[in-house]
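Report on the following structure.
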Amino acid sequence: MQVELEKASSALQQYAGDKRLFQKSFKQFWDRLTNTLQPYLETIELASDKTDETFRKEVNEVIENCQKLPSIPKSVEQIKKDRNRLGSYTEAYSRYLHIVRTDLSKQFLFIDGKIQDSLDAVKSEIAWLLTDCQNRFIQTILIYRWKNSRFFGCG
């Protein structure tokens, strides 16, 4: 019975040590996390006020491509011919509206992909920062447990 009580007492002491270690390690983890992310967020905020020249060039290229679309009427004469062929300006307008809207949407989908690429890059950087902080936290716990298990003759 005495042996069992000593084992239980030892287990409780080890648990208390683990709890203190966890609290200490978590505080270090939280400090590292907030002190790593805050400067990064400030950098992102400053960068958000600046024009992304690469993205601006891509937007201008899409706008130029839109202006060259064959679906956009090039002259008043072309519009009149389509009015005559379709029977009215209303019919010509409806036809142009449908075709031009579709073509413009296709062109601007390219920009949507570029915006997503930019967001994915920021997400990746934040994920790396979070993973690095998490790994350091776990590493601290594992090293402590390894040292503890060797100390008690378990490892």
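None of the values given here were measured: they were computed from a predicted structure.
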*Rest of the hydrophobic cluster containing L86 (Ile/Leu/Val/Met/Phe/Trp/Tyr, side-chain heavy atoms under 4.5 Å)?*
none
_Whichever hydrophobic residues join V76 through chains of side-chain contacts under 4.5 Å_ = none
Going by side chain to side chain contact (heavy atoms under 4.5 Å, CB included), name the residues that satisfy it together with [X], two or more places apart in sequence or in a different chain.
| X | value |
| --- | --- |
| K50 | none |
| E64 | none |
| F55 | D52, E58, V59, I111, K114, I115 |

*Flag side-chain contact, heavy atom, 4.5 Å: F110 against N65*: no
_Sequence neighbours excluded - side chain to side chain donor-acceptor pair (under 3.5 Å) pairs with any residue from residues 116-129_ = Y40-E125, Q116-D120
*How would you list all residue pairs meeting side chain to side chain donor-acceptor pair (under 3.5 Å) that involve residues 96-111, not counting sequence neighbours?*
S71-D103, D82-Y96
*asked:* Run the side-chain hydrogen bond (donor to acceptor under 3.5 Å, both in side chains) test against R95 and tell me which residues pass, sequence neighbours left out.
replied: none
When the side chains of residues 27-37 are checked against the rest of the protein, which donor-acceptor pairs come out under 3.5 Å, sequence neighbours left out?
residue, atom, partner, partner atom, Å
K27, NZ, D31, OD2, 3.0
T34, OG1, W30, O, 2.9
T34, OG1, D31, O, 3.2
N35, ND2, D31, O, 2.9
T36, OG1, R32, O, 2.6

*Which residues satisfy the salt bridge (charged side-chain N to carboxylate O under 4.0 Å, His left out) test with E53, sequence neighbours excluded?*
R56
_Other residues, nucleotides and ligands only: do more than 12 of their heavy atoms fall within 6.0 Å of CD on E45?_
no
*Euclidean distance, L41 CG relative to L129 CG, rounded to 0.5 Å*: 9.0 Å
